[in-house]
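Some notes on the structure that comes next.
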Amino acid sequence: MSAQANAASRQGMLFGDPLEGLDTDEMGYRGPVACSAAGITYRQLDYWARTGLLQPSIRAARGSGSQRLYSFRDILVLKVVKKLLDAGVSLQQVRVAVSSLQNRGVDDLASITLMSDGASVYECTSTDEVIDLLQGGQGVFGIAVGRVWREVEGSLAELPLERSEPTFVDELAQRRRSKLSAS
């Protein structure tokens, strides 16, 4: 490692870690915010959550009136799902891609390019893999997850973030909880 690169790694980021606070177990985004950032309708979001395509990782719906809470990673995957579906990829293949993305660490996501020929989705982690797919005639289009990452990050910059557990509990909810715990 060069002296300049070593100094840059010690110095850190000028404005802090851009991922800090984006993918924690405590903070997340409500459904309408997730929809806005991912460019989908609330109906799509609800359907995908109910059918298990993408469950919110911070807080799932718990009956009528409860709010799902989505992490930054969830919203990133939602936007990728939308792009794949818009490109004509089948829902079955989208489910395979989502499963693969959810098994990856947050840092790994930015380096992935999803390629598709319309029938299958391929995960590429290097330019060599992308070139091999294109030379083999398999890749028709690609989605650079790192670019989608930046789009989502920009969309969420001004949108409200929420704690996973509300800091207040209304009287009715408190009575229900005590009634349920007593039985």
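In the hydrophobic clustering of this structure, Y47 groups with V81; members are Ile, Leu, Val, Met, Phe, Trp, Tyr whose side-chain heavy atoms approach within less than 4.5 Å, directly or through other members. Using a 4.5 Å cut-off between side-chain heavy atoms of Ile, Leu, Val, Met, Phe, Trp and Tyr, with links allowed through other members, V121 and L91 fall into the same hydrophobic cluster. Residues V152 and Y42 are members of one and the same hydrophobic cluster, defined by side-chain heavy-atom contacts under 4.5 angstrom among Ile, Leu, Val, Met, Phe, Trp and Tyr.
A 4.5 Å side-chain heavy-atom check between L114 and Y122 finds every atom pair outside the cut-off. Within the 4.5 Å cutoff, the side chain of V77 has heavy atoms near those of the V98 side chain.
Minimum interatomic distance between C124 and M115 (heavy atoms only, all atoms of both residues): SG-CG, 3.7 Å. Shown here for I58 and G28, the closest heavy-atom pair between the two residues is CD1-CA, 3.5 Å. The minimum heavy-atom distance linking Y70 with A49 is given by the pair OH-CB, 3.9 Å. Across all their heavy atoms, L78 and I40 have their closest contact at CD2-CD1, 4.2 Å.
With Q93 contributing its side chain and S90 its backbone, the two residues share no donor-acceptor pair below 3.5 Å. Between the side chain of D74 and the backbone N or O of S57 there is at least one donor-acceptor pair closer than 3.5 Å. Using modelled atom types, no side-chain atom of D86 and backbone atom of K83 make a donor-acceptor pair closer than 3.5 Å. In this structure a side-chain-to-backbone donor-acceptor pair under 3.5 Å is missing from R30 to Q67.
Sorted by first and then second residue, the pairs that involve residues 119-130 and meet salt bridge (Lys or Arg N to Asp or Glu O under 4.0 Å), not counting sequence neighbours, are R104-E123.
Between the CD atom of E151 and the OG atom of S155 there is a distance of 7.0 Å, given to the nearest 0.5 Å. Of the inter-residue distances, the one linking K79 atom NZ with I143 atom CD1 reads 11.0 Å to the nearest 0.5 angstrom. Between the OG atom of S100 and the CD1 atom of I112 there is a distance of 6.5 Å, given to the nearest 0.5 Å. Of the inter-residue distances, the one linking L45 atom CG with K82 atom NZ reads 13.0 Å to the nearest 0.5 angstrom.
Defined by atom type and a distance below 3.5 Å, a donor-acceptor pair is missing between the side-chain atoms of T125 and S111.
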Self-check item: Working for side-chain contact (heavy atoms from CB on, under 4.5 Å), residues L76 and L109
Solution: CA-CA 9 Å; L76 175 65; L109 290 175; 3.8 Å; yes

Quiz prompt | Chi angles and distances behind the side-chain contact (heavy atoms from CB on, under 4.5 Å) call for I75, Y29 | solution = CA-CA 9 Å; I75 297 170; Y29 302 90; 3.6 Å; yes

Self-check item: Derivation and outcome, side-chain contact (heavy atoms from CB on, under 4.5 Å), residues M27 and L69
Solution: CA-CA 8 Å; M27 300 295 283; L69 210 55; over 6 Å; no

Practice problem: Give the intermediate values and the outcome of side-chain contact (heavy atoms from CB on, under 4.5 Å) for residues E153 and F72. | Solution: CA-CA 8 Å; E153 197 172 36; F72 174 81; 4.2 Å; yes

